[in-house]
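Both ligands and their constituent atoms are indexed starting at 1 by order of listing. The first residue in the sequence is number 1, and the count goes up from there. Both backbone and side-chain heavy atoms feed into the values below; hydrogens, waters and symmetry mates do not. If you're wondering where the values come from, they're calculated on a predicted model, not measured in any experiment.
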Amino acid sequence: MPLSLIILAAGRGTRMASNLPKVLYEVAGAPLIGHAMMAGGALSPDRCVVVTGHGGDQVARRVHEQTPEARIAQQQEQLGTAHAVAQAGDALTGFSGDAIVLYGDTPFIRPETLHRMRERRSAGADIVVLGFDAADPGRYGRLIVEDERLVRIVEAKDATPDELRITLCNSGVVCADWQLLEALIARVGNDNANGEYYLTDIVGLAEGDGLRCAVEVCAEEETMGINSRAELARAEAAYQAGARARAMADGATLTAPETVFFAHDTRLGRDVTVEPHVVFGPGVTVSDDARVRAFSHLEGCHVGTGAVVGPYARLRPGTRIGAQARVGNFVETKNTELGAGAKINHLSYVGDARIGDDANIGAGTITCNYDGVFKHRTEVGAGAFIGTNTALVAPVDVGAGAMTAAGSVITGDVPDGALGIARAPQVNKPGLARRMRDKLLALKAKRAK
Ligand code: UD1
Ligand code: MG
């Protein structure tokens, strides 16, 4: 059965006190709407429509970075959730199959949960609503179930005191045949406490038509929506708690799990050790047996088998660390491939470079990769030895097995096996240090009189 996703993202997020559309706030390095799209995307939908309002262009840009084929529908005025879904109509012309409605500000719905909703559809329910048992039902819509049939959803503002005692609540996620959904939405009115077109009203309408609505239940954590920065921080904490537990269950050792921060797509191999206070930005993979030492920051990079990174290392996007390689303290790398067994142990910046296997980059080495306008590449061959405090002025090649003398400013290529020296030659002035010191001490004694 073909599937479309409709993601509602037209809310203003007024409690964020911000100009950024709420759905673009990030949890684990991905925008809230990105999480919703990933959850829905796991079902391989045929179409994905995002309904935007405030800050629509910005939202559209982020959506297209993740899913270029996603369609954007504008909701000019926020007249309610049913009205929002109706805006997806143009983007779904000619589509026949199921639609799942998700909220862009609700990042934790699991793909498995959406799968279960689809199974309920296959088992004969015309509309499947995702519900949860709320610890504090507050302002959530209440699911009215009679004889195992979902007969109605009532918004808290419109509910009777008896209905308010119900704890089975509406998450907002709905799965139904798109044509049915569109037809029901067209009949929804706005005669309610908010004067809004409620998507939830489709349940009562469907029941009246003799159709069957069902509730699929999920854990309350999955339905957590974000409306303020405090809730955003709580969502991040919830995500990280889960990510740490998963990393350990999958075979990584976290010395102090509560101090390690993962991105939504961090992948750790088996027997990886992550020491305290490590931050993973998006796009990091770490192979088996590698160790990420304390206070390191990694993003957009790969760490090879058995490699050791840190403490205090910063691996920036485009870094690939080879097997058994070493990156030590106060080393920054960017767009750099470090060969197997190679070492950059102390105080270096290596950018736009390829470092061959088993090469050794001395303390304080800097690739001068940027001339203010263009970026240039540095190549260091296998087994090369870059002396302490070498400036490699790119574009430049240092050959296999070559060396540079400490303190050199290398502006020209160094052939294989050669030693490049590029610094002023040393001159010793016999006795000059002693004479100068005597002179200065005499001056000091005279001034003290
Ligand atoms: C909605 C549900 C409620 C449910 C709750 C779960 C309705 C009528 N009520 O209430 O039953 O318990 O979610 O959190 O559906 N949106 C638009 N355009 C609009 C209005 C909303 O895109 O015109 C989007 C919002 O950005 C948000 C989502 O739809 O992502 C839900 O809207 P919101 O105003 O938060 O609805 P609730 O009152 O929370
Ligand atoms: Mg809400």
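Counting heavy atoms from C-beta on, the side chains of H64 and I72 come closer than 4.5 Å. L347 places none of its side-chain heavy atoms less than 4.5 Å from the side chain of V331. A 4.5 Å side-chain heavy-atom check between L232 and V27 finds at least one atom pair inside the cut-off. Side-chain atoms of I321 and V327, non-hydrogen and from C-beta on, do get closer than 4.5 Å to each other.
The option with the heavy atom closest to atom 16 (N) of ligand 1, from among V129, L79, I153, T81, is T81. When H54, K22, E155 are ranked by how near their heavy atoms come to atom 10 (O) of ligand 1, first place goes to E155. Among N227, D105, D158, L199, the residue whose heavy atom sits closest to atom 27 (C) of ligand 1 is D105.
Applying the side-chain hydrogen bond (donor to acceptor under 3.5 Å, both in side chains) test to residues at least two apart or on different chains, none of the pairs has a partner in residues 262-272.
Ligand 1 is never approached by R142 to a heavy-atom distance shorter than 4.0 Å. A heavy-atom separation below 4.0 Å is found between S171 and ligand 1. A heavy-atom separation below 4.0 Å is not found between G225 and ligand 1. Judged by the shortest distance from any of its heavy atoms, V51 lies outside the 4.0 Å radius around the atoms of ligand 1.
Which parts of ligand 1 touch L8 is read off a 4.0 Å heavy-atom cut-off, strictly below it: atoms 22 (O), 24 (C), 29 (O), 30 (O). Each of the atoms 3 (C), 4 (C), 11 (O), 12 (O) of ligand 1 lies under 4.0 Å from some heavy atom of G141. Listed by number with element, the atoms of ligand 1 under 4.0 Å from a non-hydrogen atom of R139 are 37 (P), 38 (O), 39 (O).
In this structure, R142 fails the cation-pi test against F132, since its NZ or CZ atom is not both closer than 6.0 Å to the six-membered ring centre and inside 45 degrees of the ring normal.
For H277, the side chain to side chain contact (heavy atoms under 4.5 Å, CB included) partners two or more places apart in sequence, or in a different chain, are T259, F295.
Taking both residues in full, the closest heavy atoms of G189 and D201 are given as O-OD2, 4.2 Å, listed atom of the first, atom of the second, then distance.
Among the atoms of Y198, none of the N or O lies under 3.5 angstrom from an N or O of ligand 1.
Salt-bridge formation is detected for the pair R354/E379: a Lys NZ or Arg NE/NH1/NH2 atom is positioned less than 4.0 Å from an Asp or Glu carboxylate oxygen.
Contact annotation for A84 and ligand 1: only side-chain heavy atoms (C-beta onward) come within less than 4.0 Å of the ligand. When non-hydrogen atoms are compared, ligand 1 lies under 4.0 Å from neither the backbone nor the side chain of H83.
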